[in-house]
J.: 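Dumping the structure here so I can ask a few things about it.
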Amino acid sequence: MKISVKARIIVLIAGTILLQNCTKAAENSGAAFPIPELPVYTVTSAPATTYREFPTALEGKNNVEIRSQVDGYLDRIYVEEGSYVRAGQPLFKIDSRAYGEQMNMASANLQAANANIQKAKVEVDRLEPLVAAKVVSDVQLRTAKASYAAAVAAASQAKASVGNARINVGFTTITAPVSGYIGRIPYKKGSLISRTDPNPLTLLSDISEIYAYFSLSELDFIAFQHQYPGATLEEKLKNMPMVELVIADNSIYPQKGKMSIVDGQFDKTTGAISVRAVFPNASGTLRTGNTGRVRMPQLFTNALIIPQESTFEIQDKTYVYVMGKDRKVTGRPVKISGKTENYYFISEGVKSGEKIVYTGIGNLKDGVAIKPKNMSSDSLLRARPL
């Protein structure tokens with residue numbers, strides 16, 4: 001059976017009227033998206049301290065390469081790897097027999113030179129009265145005096161040779177220039193030691209204090225200068241609070257350190273300047289070569305605090321949703337001046353007393369009205385401390 005064109009038109013009109021009636025019925029019934037109920041946090045201000053962390057490499061107060069100043073066979077090793085030694089304590093002994101013989105030869109040459117001085121002096125004393133009596137020519141006396149002067153010079157040279165030989169004999173016993181810990185000893189007894197060896201006999205590290213070197217960017221350095229009082233950089237360093245050290249297992253080193261020096265100039269390749277902090281290390285816990293992070297405190301006398309969950313990012317800018325008096329929210333950019341594990345400290349963008357949406361901001365848009373659920377800032381801070 002075929003449906004006429006007129007019948008089709010009647011069916012289409014009836015369907016359209018039915019759809020319009022359904023839509024009006026839905027609108028008249030008040031069906032709409034429910035107003036979201038979201039927790040709202042009141043921005044508060046409070047004194048706080050945050051920390052900025054900088055990767056660091058640790059070095060001992062003194063790290064000395066122990067090298068031999070004479071050539072010879074390694075005769076004795078007085079210390080063990082990793083042992084603690086005091087300044088002046090013997091470490092190694094180089095075979096000294098050859099240098100002892102050089103000392104003996106130099107001493108004999110000095111004795112001979114002194115004897116030549118006496119011989120030349122006798123000749124001068126013999127000729128002086130003869131020349132005065134005009135028995136002999138004064139040329140002989142002048143020659144005798146020249147020989148005496150040469151003998152005195154030769155004696156001085158021999159004496160210097162004795163001193164040099166004595167020094168070389170002393171160099172055969174190698175002592176610790178500072179107190180510290182002995183490193184690895186690559187040579188063994190009987191090894192041939194040379195002054196030109198590329199590797200030292202060992203490395204002696206004085207770790208009574210540990211230097212933690214790290215770098216500050218130009219912006220960090222400017223902020224550092226503005227943050228602490230003082231007319232000069234030295235005064236600012238003195239007024240800066242103690243810093244902390246986070247060691248490799250993420251624990252805090254029990255002793256706090258003090259900022260001591262700043263490099264004289266920025267590195268052109270990295271745009272950073274090197275600084276160091278000094279930590280006491282009487283127990284020897286830290287060693288040269290350890291790594292960690294220096295925690296530099298950042299003090300806020302009246303910081304605006306907001307939870308990190310309340311923020312979102314758009315194109316490298318951080319925003320929060322601020323609720324107005326009409327309960328509608330508006331996205332607003334904020335400037336972060338510091339942070340802890342749970343909170344941001346805000347310098348611009350919001351004011352104390354304003355209300356921001358705490359959580360559930362994923363589906364919000366500007367102008368959306370919400371049903372606020374007020375949260376106590378004190379209870380939030382107790383649950384999630386700064």
J.: Looking at Lys236, I want to see if its NZ is surrounded by more than 12 non-hydrogen atoms of other residues, nucleotides or ligands under 6.0 Å.
T.: yes
J.: Side chains of Asn63 and Ser205: any donor to acceptor distance under 3.5 Å?
T.: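 Asn63 and Ser205 do have a side-chain donor-acceptor pair below 3.5 Å.
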J.: Counting only heavy atoms not in Lys188, do more than 12 sit closer than 6.0 Å to its NZ atom?
T.: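 Yes, NZ of Lys188 has more than 12 neighbouring heavy atoms, counting only those of other groups under 6.0 Å.
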J.: So which heavy atom on Met103 is nearest to which on Val162, and how close?
T.: SD-O, 3.7 Å
J.: Looking at residues at least two apart in the chain, or sitting in another chain, which of them share a side chain to side chain contact (heavy atoms under 4.5 Å, CB included) with Pro333?
T.: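 For Pro333 the side chain to side chain contact (heavy atoms under 4.5 Å, CB included) partners, ignoring immediate neighbours, are Tyr319.
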J.: Hey, does the side chain of Asn290 reach the backbone of Leu286 with a donor-acceptor pair shorter than 3.5 angstrom?
T.: no
J.: Anything under 3.5 Å between a donor and an acceptor, one on a side chain of residues 144-157, the other on a protein residue two or more places apart or in another chain? List them.
T.:
unit_1 : atom_1 : unit_2 : atom_2 : d
Ser147 : OG     : Thr143 : O      : 3.1
Ser156 : OG     : Val152 : O      : 3.2

J.: Count I, L, V, M, F, W, Y as connected when their side-chain heavy atoms are under 4.5 Å apart, and connections chain through other members. Are Ile210 and Tyr84 then in the same cluster?
T.: yes
J.: Does Ile94 share a hydrophobic cluster with Val169, counting links as ILVMFWY side-chain heavy atoms below 4.5 Å and allowing steps through other members?
T.: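 Linked within one cluster.
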J.: In a table with atom names and distances, give each donor-acceptor pair under 3.5 Å that connects a side chain of residues 349-357 to protein atoms at least two apart or in another chain.
T.:
unit_1 : atom_1 : unit_2 : atom_2 : d
Glu354 : OE1    : Arg332 : NH1    : 2.9
Glu354 : OE1    : Lys351 : N      : 2.9
Glu354 : OE2    : Arg332 : NH1    : 3.2
Lys355 : NZ     : Asn374 : OD1    : 3.4

J.: I would like to know whether Val320 and Ile306 meet side chain to side chain contact (heavy atoms under 4.5 Å, CB included); could you show each step before the answer?
T.: CA-CA 9 Å; Val320 296; Ile306 64 172; 3.8 Å; yes
J.: Mind running side chain to side chain contact (heavy atoms under 4.5 Å, CB included) on Ile336 and Phe345 for me, showing each step along the way?
T.: CA-CA 6 Å; Ile336 299 173; Phe345 298 95; 6.0 Å; no
J.: Within the side chain of Ser179, is there an N or O that forms a donor-acceptor pair under 3.5 Å with the backbone of Ala87?
T.: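 Yes.
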J.: Between Val136 and Val131, what is the shortest heavy-atom contact and its length?
T.: CG2-CG2, 3.7 Å
J.: Find out if a path of hydrophobic residues (ILVMFWY) with successive side-chain heavy-atom gaps under 4.5 Å connects Val334 to Ile361.
T.: no
J.: Identify the heavy atoms of Ala212 and Phe279 that sit nearest to each other, and give their distance.
T.: CB-CE1, 3.8 Å
J.: For Val85 and Ala176, which heavy atoms make the closest approach, and how far apart are they?
T.: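 Closest pair (atom of Val85, atom of Ala176, distance): CG2-CB, 4.0 Å.
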J.: If two hydrophobic side chains count as joined below 4.5 Å and joins carry through other members, does Leu204 share a cluster with Phe171?
T.: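 In one cluster with Leu204: Phe171, yes.
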J.: So, for Phe54 and Ser215, which heavy atoms are closest and what is the spacing to 0.1 Å?
T.: CD2-O, 3.7 Å
J.: Given a cutoff of under 4.5 Å between side-chain heavy atoms of I, L, V, M, F, W and Y, with clusters grown through shared members, what are the other residues clustered with Val139?
T.: none
J.: Inspect the contact between Glu37 and Lys373 and indicate whether a charged nitrogen and a carboxylate oxygen are less than 4.0 angstrom apart.
T.: no
J.: Is the distance between the ring centroids of Phe92 and Tyr187 less than 6.0 Å?
T.: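 Ring-ring flag for Phe92/Tyr187: false, centres at least 6.0 Å apart.
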J.: Identify each donor-acceptor pair in which a side-chain atom of residues 247-261 lies under 3.5 Å from a protein atom, sequence neighbours left out, and give them as a table.
T.:
unit_1 : atom_1 : unit_2 : atom_2 : d
Asp249 : OD1    : Ser251 : N      : 3.1
Asp249 : OD1    : Ser251 : OG     : 2.5
Asp249 : OD2    : Ser251 : OG     : 3.3
Asn250 : OD1    : Arg293 : NH1    : 3.3
Asn250 : OD1    : Arg293 : NH2    : 3.4
Tyr253 : OH     : Pro280 : O      : 2.8
Tyr253 : OH     : Asn281 : OD1    : 3.3
Lys258 : NZ     : Leu237 : O      : 3.2
Lys258 : NZ     : Lys238 : O      : 3.1
Lys258 : NZ     : Met240 : O      : 2.7
Ser260 : OG     : Arg276 : NE     : 2.8

J.: Between Ile174 and Ile167, is there shared hydrophobic-cluster membership here, with clusters defined by ILVMFWY side-chain heavy atoms closer than 4.5 Å?
T.: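 As far as the 4.5 Å side-chain criterion goes, Ile167 and Ile174 are connected within one cluster.
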J.: Please list, chain by chain and in numerical order, all residues satisfying side chain to side chain contact (heavy atoms under 4.5 Å, CB included) with Arg195, sequence neighbours excluded.
T.: Asp71
J.: Are there over 12 heavy-atom neighbours, none belonging to Phe312, within less than 6.0 Å of that residue's CZ?
T.: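 Check passes, neighbour count above 12.
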J.: Centres of the Phe266 and Phe221 rings: under 6.0 Å?
T.: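 Yes, ring centres under 6.0 Å apart.
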J.: Of all heavy-atom pairs between Ser68 and Ile193, which one has the smallest distance, and what is that distance?
T.: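 Distance-wise, the nearest heavy atoms are CB-CG2, 3.5 Å.
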J.: Just checking, is any N or O donor in the side chain of Ser217 or Asp220 under 3.5 Å from an acceptor N or O on the other one?
T.: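 A donor-acceptor contact under 3.5 Å links the two side chains.
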J.: Between Lys93 and Thr173, is any side-chain donor less than 3.5 angstrom from a side-chain acceptor?
T.: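 Looking only at side-chain atoms, Thr173 and Lys93 do form a donor-acceptor pair, the distance falling under 3.5 Å.
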